[in-house]
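Scroll down for the structure; my scribbles are underneath it.
Computed over heavy atoms, backbone and side chain alike; hydrogens, waters and symmetry mates excluded. Order of the sequence lines fixes the chain letters, A, B, ..., with proteins taken first and strands second; residue numbering starts at 1 for each chain.
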Amino acid sequence: MLVLYNTAKRAKEPFVPADPRNVGLYVCGPTVYDAPHVGNARPVVVFDLLFRLLRRTYGEAHVTYVRNITDVDDKINAAAKERNVAIGVITAETARIYDEDTKALGALPPTREPRATEHIAEMIAMIAALIAKGHAYAADGHVLFDVPSMPAYGQLSRRNRDEMIAGARVEVAPYKRDPADFVLWKPSTPDLPGWDSPWGRGRPGWHIECSAMSRKYLGVTFDIHGGGRDLIFPHHENEVAQSTCTHGGAPLARYWVHNGFLTVNGEKMSKSLGNFVTIRDALKAHPGEVIRLVLMSAHYRQPLDWSEDVLRQATAMLDRLYTALAHLGDTAKAEDDTLAAPVMTALEDDMNTPEALAALMELAGRANRATNAPEKALVRAGLEAAGAALGLLGRDPKAWRQGDGDRDAGAIEAQIAARLAARKRKDFAAADRIRDALKVQGIELEDGPTGTTWRRARS
RNA sequence: GGCCGGGUGGCGGAGUGGCUACGCAGAGGACUGCAAAUCCUUGUACACCGGUUCGAUUCCGGUCCCGGCCUCCA
């Protein structure tokens with residue numbers, strides 16, 4: 001039984017889909033104006049984990065995961081202007097990088113990745129419906145959502161209108177009837193992207209795309225809406241307002257799941273603070289699997305501090321796991337994967353990845369202790385099932401330990417053979433010289449009962 | 001100012017009203033020609049002050065500190 005912490009209730013709840021044959025998950029995706037950083041990777045990994053969990057429970061064909069791509073936004077316009085290239089160049093390039101980076105982190109592609117610019121008509125229709133129902137109004141070329149028209153506004157983020165107005169740090173635009181009103185549509189000057197609409201040529205506000213696209217691909221009410229916790233307000237609150245008012249009060253999402261931040265020295269990693277590392281740069285120094293494991297090393301709702309030390313620790317954990325797999329040799333896995341159960345149970349408890357990883361490490365210990373084939377087969381089945389649930393351990397242990405570029409393998413094997421010969425004639429000094437020479441090159445030797453194996457040391 | 005989170009051993013990080021996960025690092029032992037890998041053993045932890053309780057790290061109240069949202073933000 002999957003249990004999730006529902007932000008709307010501020011409590012853990014059993015997850016029961018409205019229709020188990022058609023489970024819907026919507027996650028706010030990237031605004032494609034700049035290469036994503038590791039903080040942006042956190043929800044990618046967290047919701048990939050949830051996607052895997054749902055698919056495992058309800059069947060791959062019965063889960064729809066939608067993650068949008070926001071390709072119309074003022075930051076994109078600014079980036080295009082700054083680099084003096086067309087907007088389409090920026091969005092295409094950034095979307096490509098995002099795709100490559102998320103793939104490198106072992107994230108499955110979502111079922112759908114709709115783009116905002118391809119759903120302008122749906123947004124216009126929704127805005128028109130909101131105006132018709134008295135929840136929005138046109139003013140000065142803009143269309144605004146009329147917050148006072150919705151008494152329940154603020155439930156998700158648990159803040160009321162008065163507090164927001166009192167705490168507002170921004171000047172209220174003159175065309176707003178109420179300070180809390182937010183933009184659904186805004187006018188575009190000729191140099192900016194724009195679409196014809198009943199309110200003139202313009203472009204959508206920030207929140208409306210998610211309301212329009214989730215409706216189109218998942219329906220009026222769907223199961224889970226996810227994103228970073230910084231989206232709770234205003235983005236998700238406003239999505240709720242737009243969608244429920246368009247749909248006569250039908251709720252937007254039944255469960256809301258929000259991930260905590262990645263921090264650096266305790267502070268949120270963000271573009272504006274400048275304390276970010278792009279996924280791309282992180283991948284230059286570490287395998288994607290290491291980064292993925294780091295992002296799972298803390299519970300998803302907790303802050304997670306990004307540092308060299310956590311990367312080192314995640315690398316050590318993967319070394320241990322892949323060494324354990326190697327220890328199982330070529331024993332085929334058993335049919336029975338019940339040994340993965342503790343990992344699954346931990347994941348079903350609001351995606352408790354630290355506990356799941358602890359259980360996984362215990363399986364590694366068991367693999368190392370296993371002496372007979374039936375037990376090895378059982379442990380392998382457990383490790384593989386648990387690895388698949390976590391999106392880890394998909395590589396060949398030998399490839400992990402020795403690296404993909406095997407260009408030196410022949411030379412290394414030759415050195416190992418020479419050392420073996422030296423050991424046979426008890427010339428340990430010569431044998432150790434060979435081992436030390438390899439070590440300088442980052443090659444570590446391990447003598448086992450079935451011979452000597454080697455691996456590349458990782459920092 | 002308003003609203004939210006969080007403070008766990010050298011480090012990362014779960015969890016629990018009483019039996020102190022897991023990993024990394026450290027120590028001792030086994031194995032090894034010596035190592036490495038592996039196995040076994042091992043350590044003083046729960047911000048502070050009160051309260052409830054037979055008993056609190058875990059519940060309640062307060063204090064201090066850190067972070068987040070209220071503006072673009074995963």
Side-chain angles (χ1 to χ4, degrees), chain A residues 7 10 27-31 33 36-47 73-75 78 154 157-160 162-171 180 206 226-235 237 258-263 265-273 276 293-294 296-305 307 309-321 323-324 326-327 342 346 349 352-362 364-365 367-369 371 401 423 426-429 431-432 435-436 439 444-449 452-455 457:
Chain A
T7 306
R10 310 284 145 121
V27 175
C28 293
T31 298
Y33 70 102
H37 59 67
V38 195
N40 300 305
R42 192 164 186 197
V44 170
V45 170
V46 166
F47 292 104
D73 179 273
D74 288 353
K75 274 182 297 203
S157 58
R158 299 209 174 170
R159 50 185 90 205
N160 63 54
D162 296 339
E163 283 167 4
M164 291 183 314
I165 294 165
R169 294 181 298 187
V170 194
E171 254 182 75
W206 175 30
R229 64 191 301 158
D230 48 356
L231 295 181
I232 297 172
F233 189 88
H235 187 235
E237 193 69 72
H258 292 97
N259 63 274
F261 299 123
L262 192 74
T263 59
N265 295 323
E267 279 188 320
K268 181 181 177 185
M269 182 183 282
S270 72
K271 287 265 162 72
S272 45
L273 285 174
F276 62 90
L293 184 55
V294 167
M296 298 194 308
S297 64
H299 182 87
Y300 77 92
R301 284 190 279 116
Q302 295 301 127
L304 169 57
D305 208 59
S307 67
D309 201 50
V310 296
L311 284 159
R312 218 202 69 248
Q313 294 194 10
T315 304
M317 277 173 89
L318 282 170
D319 274 341
R320 182 168 160 83
L321 287 163
T323 299
H327 177 80
D349 180 15
N352 190 335
T353 49
E355 198 172 308
L357 291 172
L360 188 69
M361 297 311 286
E362 240 146 64
N368 288 328
R369 270 175 264 128
T371 48
R401 286 156 56 79
R423 289 179 71 203
K426 306 270 191 221
D427 185 356
F428 295 120
D432 290 351
R435 186 171 63 195
D436 292 345
K439 182 155 189 174
E444 305 250 30
L445 298 189
E446 294 173 9
D447 294 332
T452 299
T453 56
W454 62 275
R455 67 188 171 97

Checklist entry - Reading nucleotides 16-31 of chain B from the 5' end, what letters show protein touch, with B for base, S for backbone sugar-phosphate only, - for no heavy atom under 4.0 Å? => result -----BSBB-------
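Nucleic acid contact class of A:D447 (heavy atoms, under 4.0 Å, all strands): base.
For A:R435 against B:C34, a side-chain-to-base donor-acceptor contact under 3.5 Å is present. Checked by distance alone, A:R423 brings a side-chain donor or acceptor within 3.5 Å of a matching partner on the base of B:G33. Side-chain to base pairing of A:R42 with B:A74: no donor and acceptor N or O lie closer than 3.5 Å to each other.
Applying the side-chain contact (heavy atoms from CB on, under 4.5 Å) rule to A:R42 yields the partners A:V46, A:N259, A:L295, A:A298, A:L304; only residues at least two apart in sequence or on another chain are considered. With sequence neighbours excluded, the residues forming a side-chain contact (heavy atoms from CB on, under 4.5 Å) with A:P354 are A:H299, A:N352, listed by chain and number. A:T31 meets the side-chain contact (heavy atoms from CB on, under 4.5 Å) test with A:Y33, A:T70, A:D73, A:I76; sequence neighbours excluded. Residues meeting the ring pair (Phe, Tyr, Trp, His ring centres under 6.0 Å) test with A:F276, sequence neighbours left out: A:H37. Taking the side chain to side chain donor-acceptor pair (under 3.5 Å) definition, one finds that A:S297 meets it with nothing, sequence neighbours left out. A:H327 is linked by a ring pair (Phe, Tyr, Trp, His ring centres under 6.0 Å) to nothing, counting only residues two or more places apart in sequence or in another chain. Partners of A:R229 under the side-chain contact (heavy atoms from CB on, under 4.5 Å) rule, at least two apart in sequence or in another chain, are A:I232, A:H258, A:F261.
Among B:A74, B:G13, B:U38, the nucleotide with an atom closest to any side-chain atom of A:L304 is B:G13.
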Checklist entry - Would you write out the dot-bracket form of RNA chain B, 5' to 3', with Watson-Crick and G-U pairs under 3.5 Å, [ ] for crossing pairs, | for pairs to other strands and . for unpaired bases? => result (((((((..(((.....[...))).(((((.......)))))....(((((..]....))))))))))))....
